[in-house]
Amino acid sequence: MTKRNLNLIFLGPPGAGKGTQAKQVVDKYSIPQISTGDLMRATVSSGSSLSEKLKSYMQAGALVPDQLVLDILIARIDQADCQKGFLLDGFPRTVGQAEELEKALLKRNSPLSGVVSIDVPDEVLTGRLTARRICSKCSASYHLEYLKPQKDGICDRCGGELYQRKDDSEEVIKNRLKVYHEQTSPLVDFYQKKKNLYPVDGNKKIDMIFQEICDIIDRLNSP
Ligand code: AMP
């Protein structure tokens, strides 16, 4: 019997730890991490014709319109490295995006394996995001107090320089959390109804959360 693809979604508010967990999961299961935030930031830096348009949404902490994100996302999952599966981090963020993804996967005969939702209370998220620093090369995430790099300002994984995202300011964070509750959290219900949702408590030690996520993936991945 041929093994099915491992098509995963990490769902959760900004700062829940989706990116941090995703980095470890993709190393273990050899599937690519697809972060629509990273894809969008790369498009902005490329200075393409879309740059200015994307920037205005992102700097305000608002969602980029569905069609724009979908075009970028679908082109990415059609690349050769996604043939055995992928991990979506930060997508879908609206019910409309989830429905379009479902159609696209159906067309490709490559259904979703499961959605891991990482739950963290808002007050914890704000503290995490304001102290977050990101690697400019590999986008690994650090925290000024709880997950310090060995050398100040330098990424442990790849030696890249760490920076603070512009949208990790307190003002923009407020809006990103509001947008999450209004537009993205309905996806919890959406995937629960499809019996595809696997919640984990994201307010624990990183290693413990990772173990829980691996247990879920191993169950989804068993023949
Ligand atoms: P993230 O890195 O996931 O926090 O995303 C950063 C920003 O990129 C978000 O605040 C949005 O402006 C935009 N973005 C990322 N993913 C999506 C998505 N799936 N739909 C709409 N906008 C997105």
Side-chain angles (χ1 to χ4, degrees), residues 7-23 25-26 32-46 48 50-77 86-105 112 115-118 120 122 124-143 162-188 190-191 202:
N7 294 341
L8 298 168
I9 292 175
F10 275 10
L11 182 65
K18 301 185 295 296
T20 301
Q21 293 298 332
K23 289 254 170 319
V25 167
V26 299
Q33 171 191 6
I34 303 179
S35 152
T36 42
D38 285 349
L39 288 175
M40 232 80 70
R41 279 182 288 277
T43 310
V44 169
S45 311
S46 74
S48 79
L50 275 179
S51 241
E52 287 307 310
K53 197 169 178 190
L54 291 183
K55 212 160 88 184
S56 61
Y57 292 105
M58 294 170 76
Q59 282 183 349
L63 293 186
V64 171
D66 282 358
Q67 201 51 55
L68 274 179
V69 193
L70 276 161
D71 289 346
I72 295 174
L73 190 271
I74 302 284
R76 180 66 189 88
I77 63 174
F86 49 74
L87 194 177
L88 300 182
D89 155 16
F91 183 96
R93 263 176 152 102
T94 64
V95 171
Q97 290 179 12
E99 286 169 345
E100 288 305 315
L101 174 69
E102 202 173 340
K103 283 187 215 158
L105 293 181
L112 200 59
V115 179
V116 175
S117 77
I118 307 182
V120 179
D122 276 11
V124 177
L125 295 170
T126 308
R128 282 189 187 178
L129 289 167
T130 46
R132 181 163 77 167
R133 296 295 180 269
I134 307 282
C135 173
S136 50
K137 263 202 207 154
C138 74
S139 63
S141 184
Y142 295 86
H143 186 283
L162 305 186
Y163 75 105
Q164 181 173 28
R165 272 172 49 175
K166 280 212 178 93
D167 61 351
D168 278 347
S169 67
E170 239 174 287
E171 175 116 352
V172 183
I173 290 167
K174 248 190 228 158
N175 195 40
R176 288 164 66 202
L177 291 177
K178 182 169 174 272
V179 166
Y180 176 79
H181 290 299
E182 288 174 1
Q183 302 191 53
T184 308
S185 67
L187 288 174
V188 170
F190 178 89
Y191 285 119

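Remember, it's 1-based here, ligands and their atoms both numbered in the order they're listed. Quick note: numbers below take in every heavy atom, side chains included, and nothing from hydrogens, waters or symmetry partners.
- Residue P32 comes nearest to R76 through the heavy atom pair CB-NH2, 3.8 Å, listed as atom of the first residue, atom of the second, then distance.
- The protein heavy-atom contact nearest to atom 11 (C) of ligand 1 is A62 O, 3.4 Å.
- Atom 20 (N) of ligand 1 has its closest protein heavy atom at Q97 NE2, 2.9 Å.
- Proximity of K18 to ligand 1 is not established, as no heavy-atom distance is less than 4.0 Å.
- Each of the atoms 16 (N), 17 (C), 18 (C), 19 (N) of ligand 1 lies under 4.0 Å from some heavy atom of G90.
- For ligand 1, the atoms sitting less than 4.0 Å from at least one non-hydrogen atom of V69 are 18 (C), 19 (N), 20 (N), 21 (C), numbered in the order shown with element in parentheses.
- For atom 6 (C) of ligand 1, the nearest non-hydrogen atom from the set R165, Q59, M40, R176 comes from R165.
- Residues meeting the salt bridge (Lys or Arg N to Asp or Glu O under 4.0 Å) test with R93, sequence neighbours left out: none.
- Between E171 and N175, the side chains place no donor N or O within less than 3.5 Å of an acceptor N or O (distance only, hydrogens not considered).
- Remark: minimum distance from atom 22 (N) of ligand 1 to any protein heavy atom is reached at V64 N, 3.0 Å.
- Nearest to atom 15 (C) of ligand 1 among the protein's heavy atoms is R93 NH1, 3.4 Å.
- For atom 16 (N) of ligand 1, the nearest non-hydrogen atom of the protein is T36 OG1, 2.8 Å.
- Take K174 and apply the side-chain contact (heavy atoms from CB on, under 4.5 Å) test, not counting sequence neighbours, and it matches no residue.
- Scanning the protein heavy atoms around atom 8 (O) of ligand 1, the nearest turns out to be M58 CE, 3.6 Å.
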